[in-house]
Amino acid sequence: LAYRLRGSINFPTALKLAPFVNYFDQLTVQVLSLLTTFFLYRLYHLHRNASRIDQVSMTVLAASVATAVGTALSYLIYAQSDRDLTRGLILYYWVLVIVFVLIGRYVSSRAQRAARKRHPDRLLIVGTGEVARMILQKTVQSPHLGYRVMGFVDGQDGTREVAGVPVLGSQSELSRI
C-alpha cells in the first residue's frame, strides 16, 4: 500500500518507482524489523487497563524504531543496489503501520472487552480488611476489566460476608476452595 501511495502521490517529490518486485527483499527486512521491535516492546498482548494514550504512544514509538532500524538495515544490506528506499516510501510505510496497527489494536481490544464482559475471570480476594474492600470496590466499578469477585478468603475474625460477598473460608482452606 505504501508503494502504491508513493507511486501515485507526488510527495515529497515526483518520482517513478521501480517495479514492486524489486522492493520485496527490503519489505521483508522492514516487516522482520517491525515484528522484532513489537516483540521487544511487548506489544503483542493487550493489557486489561492500558489507556488509549499509552497504547498510541507505545505504538508510535515502536513503529518509529522499527522503521528506522528496518531502513538502516535495508540500506546496509542493499547499499549498492539500484532500488533504494525513497523518503516518501519510508514515510508512507511508517504512517500506514501506525494507522493499521492502531485500528487492529482498537478492534482487538473491543472484542476482548466484549468477551470479558460475557465470560469474566473469577477472582478470589485474600483478606477481609480495608485493602480487600478497596479491591472489591474497584473491581465492581470496573466491569470492563473482566473480573467477577467470587468471594473472600480470610475469616479470622469470624466474618461471613463483606459488602454482600461471602467469605468462603480461611487461608488454610485455600486449596479446598
Side-chain angles (χ1 to χ4, degrees), residues 1-123 125 131 134-135 137-149:
L1 190 57
Y3 174 83
R4 293 222 183 254
L5 282 175
R6 181 59 185 113
S8 62
I9 299 174
N10 293 327
F11 176 80
T13 58
L15 177 68
K16 175 130 175 73
L17 291 172
F20 178 74
V21 112
N22 291 1
Y23 295 100
F24 191 75
D25 294 343
Q26 293 169 336
L27 174 64
T28 304
V29 171
Q30 291 285 348
V31 169
L32 289 175
S33 171
L34 183 70
L35 294 174
T36 303
T37 303
F38 272 53
F39 174 77
L40 293 175
Y41 276 84
R42 300 177 186 206
L43 293 177
Y44 287 113
H45 299 287
L46 297 177
H47 302 285
R48 287 182 189 252
N49 205 17
S51 72
R52 287 192 183 111
I53 292 172
D54 289 341
Q55 287 185 14
V56 168
S57 65
M58 286 303 292
T59 301
V60 170
L61 176 64
S64 300
V65 168
T67 302
V69 169
T71 301
L73 288 174
S74 291
Y75 177 75
L76 291 173
I77 294 170
Y78 305 105
Q80 303 301 323
S81 172
D82 60 338
R83 49 191 172 172
D84 288 336
L85 292 174
T86 67
R87 291 173 304 192
L89 194 58
I90 295 166
L91 178 69
Y92 291 138
Y93 169 79
W94 175 71
V95 169
L96 289 172
V97 163
I98 291 171
V99 167
F100 285 128
V101 167
L102 288 175
I103 289 171
R105 290 180 75 81
Y106 177 76
V107 169
S108 178
S109 71
R110 297 304 283 185
Q112 282 184 353
R113 274 189 179 192
R116 284 188 191 126
K117 209 171 200 178
R118 283 191 308 272
H119 307 289
D121 291 337
R122 297 181 300 172
L123 179 65
I125 300 174
V131 174
M134 288 180 359
I135 292 171
Q137 180 183 10
K138 192 68 165 171
T139 304
V140 170
Q141 289 175 350
S142 305
H144 64 277
L145 295 177
Y147 293 114
R148 188 175 97 218
V149 177

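A search for side chain to side chain contact (heavy atoms under 4.5 Å, CB included) contacts involving V56 returns V60, L102, not counting sequence neighbours. Judged as a side chain to side chain contact (heavy atoms under 4.5 Å, CB included), and not counting sequence neighbours, the contacts of R110 are R52, Y106, R113. The side chain to side chain contact (heavy atoms under 4.5 Å, CB included) search around Q112 returns L46, S108, R116, not counting sequence neighbours.
Sorted by first then second residue, the side-chain hydrogen bond (donor to acceptor under 3.5 Å, both in side chains) pairs that include residues 58-70, not counting sequence neighbours, are S64-W94.
Atom CD of Q55 sits about 9.0 Å away from atom CG of L43, to the nearest 0.5 Å. Distance check, rounded to the nearest 0.5 Å: CD1 of I77 to CD of Q26 gives 9.0 Å.
Residue I53 qualifies as open at atom CD1: its count of foreign heavy atoms under 6.0 Å is 12 or below.
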Listed pairs under 3.5 Å, donor-acceptor, residues 31-38 side chains, sequence neighbours left out:
residue : atom : partner : partner atom : Å
S33     : OG   : A66     : O            : 2.8
S33     : OG   : G70     : N            : 3.3
T36     : OG1  : L32     : O            : 2.8
T37     : OG1  : S33     : O            : 2.7

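In this structure the side chain of Y93 never reaches within 4.5 angstrom of the side chain of T71, judged on heavy atoms.
The backbone N or O of D54 lies less than 3.5 Å from a partner atom in the side chain of S57, making a donor-acceptor pair.
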